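I have placed the structure first, in the form of structure tokens, so that the comments after it can refer back to it.
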Amino acid sequence: MKKRIIAVVMALFCTTALIACKEKAGKAGGTNTDGLLNKGKLVVATNASFPPFEYVGDDGKPDGFDVALVKSIGDELGLKVEIEDMEFDSLMASIGTKVDASIAGMTITEERAKAVDFSDPYYEAVQYVLVAKGSKTKTYDDLKGKKIGSQMGTTGDLLSEDIKKDENSTEVDTYDKAIDAVNDLVSGRLDAVILDKNPAEVFAKQYDKIEAMDGKAFGFKPEQYAIAMPKGDVKLTKKVNAALKTLKTNGTYDKLVRQYIETE
Ligand code: GLN
């Protein structure tokens, strides 16, 4: 008898816990049934200091490949897109609380995938190494013991920390904005900056004194950018993936690549 009561109580407890969990997962996507924080509007966070994917345009508003891509996704879904600019390191915590999604040249990582759901990948990248022109730093081992700059909370930051783990005398300086690390490289305060390929190439063109080196020569692996959405928001993720697919087949995606990324 006692055993049976315990079993019933346990069963009741488990069901309640399950319902509570399900409710929580639903709320992560917002209080509306379509999974948006505001009806009819897709609020998307970015970090507008990552050209050519996101930067502040001449009109003072966020622009770039990612911004244009997510606006096109909004058009497909009949949603007005509102962009919120914030530090890269704040994006993850804002998804599902302050914003519906984030597009920020964000690499899919196992760690991040525990906290958010990613769309299908939309761009392949790799980390590059920015160095002073004529620098002898050409391999992974050359980076050991050097002063390396990276942007806080990025995959470049993780790689810099790996190098420090391999060689403790390595100094890693993290910055809110990649451009601040680049400025310290230009002025000689850093030996190298580890940063995604396209922004690294943009910065290398802006500053005469530095050059961008392909991270593949340093053993860095390809990375995939994706849009991050609240964990468990299957509805929104499906819609975004469907829109992405349409934009890839109808030529819009390629047009944006030409417009923002292959500007040469
Ligand atoms: N792709 C890198 C990452 O996801 C950097 C992104 C960024 O700085 N905007 O960490």
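Whatever order the structure lists them in is the order used to number ligands and atoms, beginning at 1. Numbering starts at 1 and runs along the sequence shown. Small disclaimer: the values here were computed from a predicted structure and weren't measured.
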Taking all atoms of both residues into account, what is the closest heavy-atom pair of Ile194 and Gly156, and its distance?
-> CG2-CA, 3.8 Å
Contacts satisfying ring-ring contact (aromatic ring centres under 6.0 Å, His included) that involve residues 154-211 (not counting sequence neighbours) are none
Applying side-chain contact (heavy atoms from CB on, under 4.5 Å), name anything that partners Tyr55, two or more places apart in sequence or on another chain.
-> Pro51, Asp63, Tyr260
Can you find a side-chain donor-acceptor pair between Thr107 and Gln224 that sits under 3.5 Å?
-> no
For ligand 1, the residues whose heavy atoms come within less than 4.0 Å (ordered by chain, then number) | Phe50, Phe88, Ala104, Gly105, Met106, Thr107, Arg112, Gln151, Thr154, Thr155, Asp196, Tyr225
Do you know which two heavy atoms are closest between Pro52 and Pro199, and how far apart they sit?
-> CD-N, 4.2 Å
Sequence neighbours excluded, which residues qualify as side-chain hydrogen bond (donor to acceptor under 3.5 Å, both in side chains) partners of Ser119?
-> none
